[in-house]
Structure formats: C-alpha cells, structure tokens
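For clarity, every value in this text was computed on a predicted model and none was experimentally measured. Note that ligands are numbered from 1 as they come in the structure, with each ligand's atoms numbered from 1 the same way. All residue numbers in this chain count up from 1 along the given sequence. Atom set for the values below is all heavy atoms of this structure, side chains included, hydrogens, waters and symmetry mates excluded.
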Amino acid sequence: MGIKIRITALAISILIISGCSNNSSQPDVEMEHSDMNQHMEEMHDMMEGHMSHDEVVPLNDSTGENELKIPAMLEPDNEEGIVYTVKAQKGQTEIFNGIETNTYGYNGSFLGPMLHFEKGDKVKIRTINELDEETTFHWHGLEVSGEADGGPHDALQPGEEKVIEFEVTQEASTLWFHPHPHGKTAEQVYNGLAGLIYIEDDNSKSLGLPNDYGKNDIPLIFQDRIFDDKHELNYNAAMNDDGTVGETLLINGTLNPKLTVNQEKVRLRLLNGSNARNYTFKLNTGDSFVQIATDGGFLNAPVTLNEVTLTPSERAEIIIDFSQFNAENDLALINEDGYVLLPFEISDQNGVNSEIPGELNDFTLTEEEKNLPVTKKVELFGMMDMVEINGKKFDPERIDFTQQQGVTEVWEIYNKPDMMGGMIHPFHVHGAQFKIISRDGEAPPQNERGWKDSFSIKPDETVKIAIQFKHKGVYMFHCHILEHEDNGMMGQVKVE
Ligand code: C2O
Ligand code: CU
Ligand code: CU
C-alpha cells in the first residue's frame with residue numbers, strides 16, 4: 001500500500017511538472033498569475049493527501065447464493081386525503097447470513113418500497129423523518145414544483161413530517177427517490193436510503209412489454225459498499241472524497257444475488273444507485289440485448305447493444321431474451337472488467353413470449369431546439385473535496401441561474417480536465433427531463449436519444465442539452481458522485 005502511494009505521488013509529480021511546462025509554453029490567457037500560484041498550491045495539497053484519480057477497487061464476483069430481493073410495491077393509505085406515506089427510518093438488516101447490520105431505509109430497515117404512479121395521478125405523499133438527523137425526500141427525475149422536489153432547502157428535522165402534492169404529468173419511466181440534506185446526501189444514501197418510482201401511461205400499457213413486476217419486469221438497484229469487520233456500513237471509515245466505492249455489490253440490497261427467470265423475454269430496469277461507481281453491463285456470453293428506455297421514458301425504437309454504461313443515478317431499461325438460453329449457458333450479467341454482477345438461473349418454464357414492438361415512443365429533438373443559442377454554461381472542474389461548478393462551490397444562498405418556466409434553453413456543460421487528466425462526472429438537473437443535443441458537436445449515441453435527467457461527461461467533453469422546466473421553483477444541478485455533490489459540486493437554477 002505504502003509503495004503504491006509513493007509511486008502514485010511520483011507519477012503525479014511528473015504529471016504536474018509536464019503540466020507546468022505545457023502551461024508555460026502555452027499560457028492560458030484567462031488565468032492570472034496569482035490564480036496559477038493558488039492553483040499550484042491546491043495541486044500540491046492534493047499530492048500531500050496522496051490523491052490521484054485512483055484505480056477503483058474491483059467488485060467481488062457474486063456467488064449467486066441468494067435469490068434477488070424485489071422491493072415491495074407501496075400500498076396507498078386508506079386515510080382520507082393522503083395517498084402514500086414514506087418514512088425515513090433506522091433499522092437493522094440481515095445482509096449477511098445470521099448477522100444484523102445497522103442500516104437506513106424507507107418504510108423498512110433497508111432501501112425502500114417501489115412507488116407506482118400513473119400519468120395523470122394526483123399524488124399526495126406524507127413524508128416523515130424518523131431518523132435522528134435531518135433529511136429530505138427528493139424525487140429524482142420527477143417533474144414537480146420546487147416545493148415538492150425535496151432539495152437541500154426542504155430539510156425535515158427528526159420527528160417532523162410534511163405532506164407534498166403533485167400531479168404526475170410525465171410519461172412512463174423508471175425514476176427513484178433518495179435524501180438530499182445539505183452535506184449529508186452521500187452518507188444517507190450509503191446507509192440505505194433509496195427507493196424506486198415507476199410511472200405508467202397508456203403507451204406503456206399498450207406496448208405489450210414484459211410488465212409482471214418481480215417476474216419478468218425486474219428492478220435492479222446496483223450499489224457497492226464496504227463492510228467493516230463487524231459487518232457494518234461504517235461510512236466515515238469508508239468515505240472517499242472522490243466518491244465512495246466498495247468491493248461488495250448489493251443489488252436491491254441483496255448480497256451475492258442470483259435471479260431466477262423463465263425462458264422468456266425479461267425486462268431489467270437498471271439503476272446505478274451507487275455513490276460513485278460506474279458500471280458497464282454486459283452478458284458473459286457476449287450476446288446482445290436491447291435497450292428500450294432511458295432515464296425519463298422509452299426510446300423511439302429498441303436499440304441493440306452488447307453493453308450499456310451507467311454512471312451514478314442513470315437508468316436504462318433493457319430486455320434480455322431468455323428463450324434463447326437454458327440452464328447450461330451459465331448466463332450472467334457481468335461488469336466490463338468481467339466481474340459477475342448477477343448470475344441468472346434459467347428455469348425450464350416457458351414464459352409469455354412477448355414481441356418487442358419496433359416503435360415505442362415519439363421522442364423528438366427538433367431542428368429549432370438544435371439551433372437554439374447556448375444560454376447557460378456549466379463548467380465542471382476538480383476532484384476530491386476541491387470540486388466546483390463555474391469556479392464556485394455550492395452556496396444555498398446563491399442562485400446561479402434563472403430560467404423561465406416553460407421556455408426551452410440550451411445548456412452547455414463542459415468537463416474541464418485537470419493536470420492529471422480529470423475524471424468522468426455524472427451531471428444531473430432536478431425537476432426536468434431534458435434532451436441531449438450533442439456530445440462534442442456530434443449527435444449522441446442511439447441509446448441516449450430519449451429523455452434524460454443525468455448523463456456522464458468525460459474530461460474535456462462538451463455536452464449540449466435542451467431543457468425546459470414545467471414548474472416553478474429552485475432546483476439543484478450537480479455532479480451525482482454523491483461525495484462531489486456534498487463537497488459543493490452543485491448549483492441552483494431558479495425557475496420563475
Ligand atoms: Cu438524484 Cu440531486 O439528485
Ligand atoms: Cu435529482
Ligand atoms: Cu464529480
């Protein structure tokens with residue numbers, strides 16, 4: 001370990017030296033001399049903490065000894081006027097056989113139930129904080145007013161409750177919810193606060209896609225964790241300012257999961273619910289699958305892929321045709337690096353063999369939208385706790401942008417590399433689903449031509465999005481590496 005750190009530091013010094021000489025031969029006109037000095041000091045501070053864009057610890061293979069848990073669907077309350085109750089609470093969960101781990105959950109000890117909405121529903125949710133610290137209830141991807149969005153301004157103190165109301169106006173999609181308290185989001189999510197939202201509409205019900213929840217329509221929440229020698233999620237010990245990662249994967253809170261499926265088409269709703277890890281999902285056989293939905297709705301047509309990458313908070317719905325396989329295939333969902341995420345046990349039962357329609361949606365990015373001038377620029381920069389947006393850290397008292405309700409604007413997001421190259425940041429905006437216009441001037445890949453609320457952005461990449469807010473309020477935009485968000489890589493847009 002010590003040796004590795006020293007080598008890393010040496011490599012960084014070399015990078016910094018070469019970075020410096022580049023800078024002196026090609027001075028950046030916009031960088032004042034004093035800024036440069038300060039910047040160098042910061043870089044040295046980074047080195048002192050032996051920080052680099054470290055290799056991410058690999059995941060352990062799933063042994064497949066536990067059947068995947070499926071989150072329960074939340075039943076509405078009978079109480080007059082209240083539709084659902086969502087309670088943040090502490091508890092103990094048997095993640096490891098016979099051992100209780102201290103965890104957080106919604107309406108239970110770990111993770112949360114699935115909330116099922118139909119487009120057009122008028123929803124009331126009574127949110128209750130039963131933790132002994134403040135929390136908020138944020139509905140990631142949901143187009144609601146700032147008042148219902150559950151950003152850091154909406155903290156509920158221990159014991160407090162608040163009823164929020166909204167109408168579901170957006171199309172069928174897989175969204176999620178998680179806490180967003182100022183500076184504490186990463187820890188609370190890590191401890192287990194995350195749940196799913198499904199939205200259905202006439203279109204989704206008419207397509208004939210697999211939709212038997214838990215049978216051939218399966219949510220998969222991917223979260224990597226570190227357990228200490230007492231099998232606890234010790235966030236303070238595990239915490240990494242550049243994003244907490246662990247070698248132990250939980251899917252829907254299940255350790256060493258496997259999924260038993262019939263020989264039929266199965267829809268997997270993938271959610272990267274990790275604090276920081278990126279996943280590239282593949283089948284171990286190299287076989288292809290189709291992606292049918294992005295974060296906020298169906299793609300226009302299924303896209304055939306051999307792999308799909310999700311950065312934190314992104315979702316993809318994919319369909320795997322298990323009628324092509326049998327038990328002998330030892331089929332598994334693996335990560336890019338070959339680690340087994342989810343082995344499949346294929347039963348000899350045939351299921352309903354649905355056809356996937358060739359046409360799923362009518363998403364359009366118009367010429368007009370493509371040609372709108374850029375009116376907001378977002379520059380992501382930094383690493384560890386020195387992360388910033390447009391040179392600033394988050395300030396709850398500062399509004400960074402204003403935008404008119406119902407008016408489409410083009411935002412240009414740029415990931416400015418540092419001297420060590422930089423890193424991928426997942427960029428997310430609250431309160432709206434948006435369209436990716438381009439990545440470095442090129443049309444986005446086929447499987448990003450649908451509604452998005454988060455996307456990955458590589459170092460030195462420029463992404464243009466067309467975004468419109470349907471409601472008013474103050475909304476966050478931030479990096480969804482949760483430690484970056486907590487460290488201030490976040491800004492606010494006020495929609496009026
Ligand atoms: Cu998942 Cu601020 O969001
Ligand atoms: Cu969000
Ligand atoms: Cu980041």
Non-hydrogen side-chain atoms of L268 and I319 separated by less than 4.5 Å:
no
Hey, is the main chain of L249 close enough, under 3.5 Å, to the side chain of D224 for a donor-acceptor pair?
no
Describe, in one word, how the ring planes of F469 and W411 are oriented to each other, choosing from parallel (under 30°), tilted (30 to 60°) and perpendicular (over 60°).
tilted
With the Cu ion (ligand 2) at the centre, find the angle made by NE2 from H138 and NE2 from H428, to 10°.
170°
What protein N/O/S atoms are found closer than 2.8 Å to the Cu ion (ligand 3)?
H425 ND1, C479 SG, H484 ND1
Please verify the inter-ring angle class for H478 with H480; under 30° counts as parallel, over 60° as perpendicular, anything in between as tilted.
tilted
Side-chain contact, heavy-atom cut-off 4.5 Å: C479 with L380?
no
Please tell me if the side chains of I251 and L68 come closer than 4.5 Å, counting only heavy atoms from C-beta onward.
yes
Assess whether ring-ring contact (aromatic ring centres under 6.0 Å, His included) is satisfied between H182 and F394, documenting all intermediate values.
CA-CA 10 Å; H182 187 49; F394 177 66; 5.5 Å; yes
If we count only N and O atoms by modelled type, under 3.5 Å, do the side chains of H153 and Q492 hold a donor and an acceptor together?
yes
Atom 1 (Cu) of ligand 1: angle it makes with ND1 (H140) and NE2 (H480), nearest 10 degrees:
100°
Short N/O/S contact of H180 with the Cu ion (ligand 2) (below 2.8 Å):
no
Closest to atom 1 (Cu) of ligand 1, which N/O/S atom of H178 is it?
NE2
